[in-house]
Protein chains: 2
Amino acid sequence: MGRKRTKSGKIRLAEVAELAGVSPITASRFFRNPAALSIAKRARVESAAKELGYVPNLAARALASQRTEVIGVLIPSLTNNVFSDVLRGIYDASEGSRYSIQLSNTRYSILQEEKLLRLFLAQKPAGLIVTGIDQTTESQAMLEASDCPIVQIMEIGPNPVDMMIGFSHYDAARAAIGHLFDQGYNRIGFVGARMDPRVQRRLDGYQAAMKDAGLFDSRLIVATATPTSVTLGGALFTDLLSKAPDIEAVFCANDDLALGVLFECRRREIAVPEQIAIIGFNDLEFMASAVPTLTSVRTNRYEMGRTAATMLIDAIEGRRPEQPVLDLGYRVMERQSSLARRSDSRPALSGEAAANKMVALPSGHD
Amino acid sequence: MGRKRTKSGKIRLAEVAELAGVSPITASRFFRNPAALSIAKRARVESAAKELGYVPNLAARALASQRTEVIGVLIPSLTNNVFSDVLRGIYDASEGSRYSIQLSNTRYSILQEEKLLRLFLAQKPAGLIVTGIDQTTESQAMLEASDCPIVQIMEIGPNPVDMMIGFSHYDAARAAIGHLFDQGYNRIGFVGARMDPRVQRRLDGYQAAMKDAGLFDSRLIVATATPTSVTLGGALFTDLLSKAPDIEAVFCANDDLALGVLFECRRREIAVPEQIAIIGFNDLEFMASAVPTLTSVRTNRYEMGRTAATMLIDAIEGRRPEQPVLDLGYRVMERQSSLARRSDSRPALSGEAAANKMVALPSGHD
DNA sequence: GTATTTGCTGGTAGCGCTGTCAACGTTCCT
DNA sequence: AGGAACGTTGACAGCGCTACCAGCAAATAC
């Protein structure tokens, strides 16, 4: 027990090295690149570390190596369950790796994002995951100047800072409206909340589709900056009904709103889809078990987070992806709430399986 | 521009000190305890730091001071929206403070929790937030031995490691069942998923209430270890119906299950609450706008997270709370889905406001 | 007026680890 | 056999900051 001089037996790399009978630097290498050691020493260091319960001091490592093993993640909201799926993917992918996640919330403010970015970058993160493509020019410049890999998630656009993974919200919205057209609905309302850039692009897609079909009418649009909720869905739908009582279908910018619309229909005894069809966005779990089951645009959020983190870690470790921009696409999950119109027979409440026809995959964008 | 020798103009504390005309140590003090400086130097250092855009190197600080400004948070799940509310509270409270949040996911495994705890503790966090009171004895020992403040969240129990904030799931479940008794329901089923310790204690509360009333019947209980979902709610309810077709009400261990039960009732054309009453747990946002509106037990998750982080930061900075164990209570939000039974008149679909009667607040526990 | 306290400032010496480079022994090649 | 190439190891010198203690001036006490 005379090995360590510090009180309370602090285990440093030096202690491990001493027990293993090697120099500290060799022990250090064991943790960073075990392959560089001979088999014998590798085993000796390993068992010494285990015996002493050695845990490396990350601060010292970061200071000495001039880099951290932190992946910074900037997302606009913790409330929105869309992001909790993405986060789950990110955390899952980071688990087992040496990297730890540092999460910050921009609250949908690109100025706040810029501030946080400056803070993050100063700590020399190993990599960065940022949401969306609407950074300030200042943020843009900082990201360009930084020497760590960066992944932009949630959507794809023309000028990736580095890597990018997401899908086209514009195309996805067009596909949703296209599906409703196919099913025979023409007078389609739009209900949106929060109206962040991605929701805005969904609105753009909706508008373009409606205009192309010669069906555009501004009275069909209800949008608010208020954060989304199920209750709000009901309220906005009520609004929409008063502006356009003759609507045949509603495209909801997210599933919470769609559920609110469904409940409001039930409250008003409006039959879905016979009187009004509903389509949501994101395909949260509950959509498939609602009554009627609710059509939605599936977005691969968990996979997006997971792939983003995996790509990032690969890039950090020098394995740059051959494809820096990944379009994860979307998929219109057709369910009862958007069954074909003007069929005289009441639609049977059958299972959804048969109705899950794939309408679009990778959004063949840019 | 000949000030700094390092390439690319790295700004260290020394640069700031030089520009301000003070020693590095004085500059250092400015950031840790400005009050210790004379007014004049304080201003000089401040403007020098701003001019150079100085950002402290956290790794160096941590290494030199032997402590970090990291608050470790251990939660069992990122999927469960209960935790996203708690997390939002934690992040909100940490914002503006000097502390950053380090989140890890135990996946409902106390062994995983133990492993993560060891990792965290080795980095000397400023404080720790852990979920629940069911740590392994080893974890318990590590927590006791650690010298940083610790808050246990989500529930309260007899032996706090340090601080504790939550409520009694047992009492809350009893209150839910008590409410159903009051409304005239006797044959009450239990539907639970995941069955983590807190859900288990809700089940215990349910069982105790039923036994006390002489109404216990094991066929009334459907519980599974499967993670919760709306769809699962429907499936478990189907199970329950087959085991006990004569049930009058269902207590769902969480709101997702409750929504699934509601949809399943609709699918089977079972009138709620006329044929079967429903009560959920957590009072997620959608409960109040479902049709019928769904009764639930409100738990103050955001406040719990926020208060936990605030208490922790206070404790870190030496302001220990006078009350180390905080019971945040719960509240049965009475809504249409549990309207009084055997009233011959169909219950009117009135607003919920009047029905929001407080049944219980702080759970007067230990 | 001297002794003591207080407030502010600076010097020195690391915190625990890793980057760089040199040196060693071994194997392989010509 | 001699030299090059490789694989493996270690010495040294910091990374940027802060703990500790000493020093100095101004304020207070006697």
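The chains referred to below are lettered A, B, ... by the order of the sequence lines, with proteins before strands, and numbering in each begins at 1. Source: prediction; values computed, not measured. What's counted below: heavy atoms across the whole structure, side chains too, no hydrogens, waters or symmetry copies.
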- Hey, which of these two, B:Arg29 or B:Tyr54, hits DNA chain D nearer its 5' end, going by closest nucleotide? B:Tyr54
- Query: Backbone N or O of A:Leu13 within a donor-acceptor pair of the A:Glu18 side chain at under 3.5 Å?
  - Reply: no
- With five pairs defining each end axis, the helix from C:dG1-D:dC30 to C:dT30-D:dA1 comes out bent, to 10°, by 30°
- Message: Below the 4.0 Å mark, does C:dC8 have OP1 or OP2 next to a side-chain nitrogen or oxygen of B:Lys41?
- Response: no
- Message: Is it the case that the side chain of B:Ser84 and the backbone of A:Thr79 share a donor-acceptor pair, with hydrogens and angles ignored and the cut-off at 3.5 Å?
- Response: no
- Name every residue in residues 59-67 of chain B that has at least one heavy atom under 4.0 Å from any atom of DNA chain D, in order of residue number, or write none if there are no such residues. B:Ala60, B:Arg61, B:Ala64, B:Ser65, B:Arg67
- Note on the structure: From NZ of B:Lys124 across to P of C:dC17 the rounded distance in Å is 11 Å
- Below 4.0 Å: OP1/OP2 of D:dT9 and any side-chain N or O of A:Ser23: no
- Message: I need the CZ-P distance between A:Arg32 and D:dT9, as an integer number of Å.
- Response: 14 Å
- Message: Can a donor-acceptor pair be found, under 3.5 Å and without considering hydrogens, that links the side chain of B:Gln123 to the backbone of A:Leu58?
- Response: yes
- What's the CG-P distance between B:Asn33 and D:dC17, to the nearest Å? 18 Å
- If you find the nucleotide of DNA chain C closest to B:Ile25 and the one closest to A:Leu58, which residue's nucleotide is nearer the 5' end? B:Ile25
- Message: Rounded to whole Å, how long is the line connecting atom CD1 of A:Ile11 with atom C1' of C:dC17?
- Response: 16 Å
- Query: Any side-chain N or O of B:Ser28 under 4.0 Å from OP1/OP2 of D:dC17?
  - Reply: no
- Query: Rounded to the nearest Å, what distance is computed from the CG atom of residue A:Asn57 to the P atom of nucleotide D:dC15?
  - Reply: 18 Å
- Item | Side-chain donor-acceptor pair present, A:Gln135, A:Gln152, cut-off under 3.5 Å | yes
- Message: Tell me if a side-chain donor or acceptor on A:Asp85 pairs with a main-chain N or O of A:Arg301 at a distance below 3.5 Å.
- Response: no
- Between B:Asp162 and B:Arg320, is the closest basic N to carboxylate O distance under 4.0 Å? yes
- So, are A:Lys50 and A:Glu46 salt-bridged, with charged N and O less than 4.0 Å apart? no
- Please state how far atom CZ in A:Phe31 lies from atom C1' in C:dG16, giving the value in whole angstrom units. 13 Å
- In whole angstroms, how far is the P atom of C:dG16 from the CD atom of A:Glu15? 9 Å
- Task: Report the distance from atom CG of A:Leu13 to atom C1' of C:dT18, rounded to the nearest whole Å.
- Result: 9 Å
- With a 4.0 Å cut-off, would you call B:Arg12 and B:Glu15 a salt bridge? yes
- Query: For A:Ser38 and D:dG7, is the shortest distance between a side-chain N/O and OP1 or OP2 below 4.0 Å?
  - Reply: no
- Item | Test item: B:Thr68 side-chain N/O and B:Lys124 main-chain N/O as donor-acceptor pair under 3.5 Å | yes
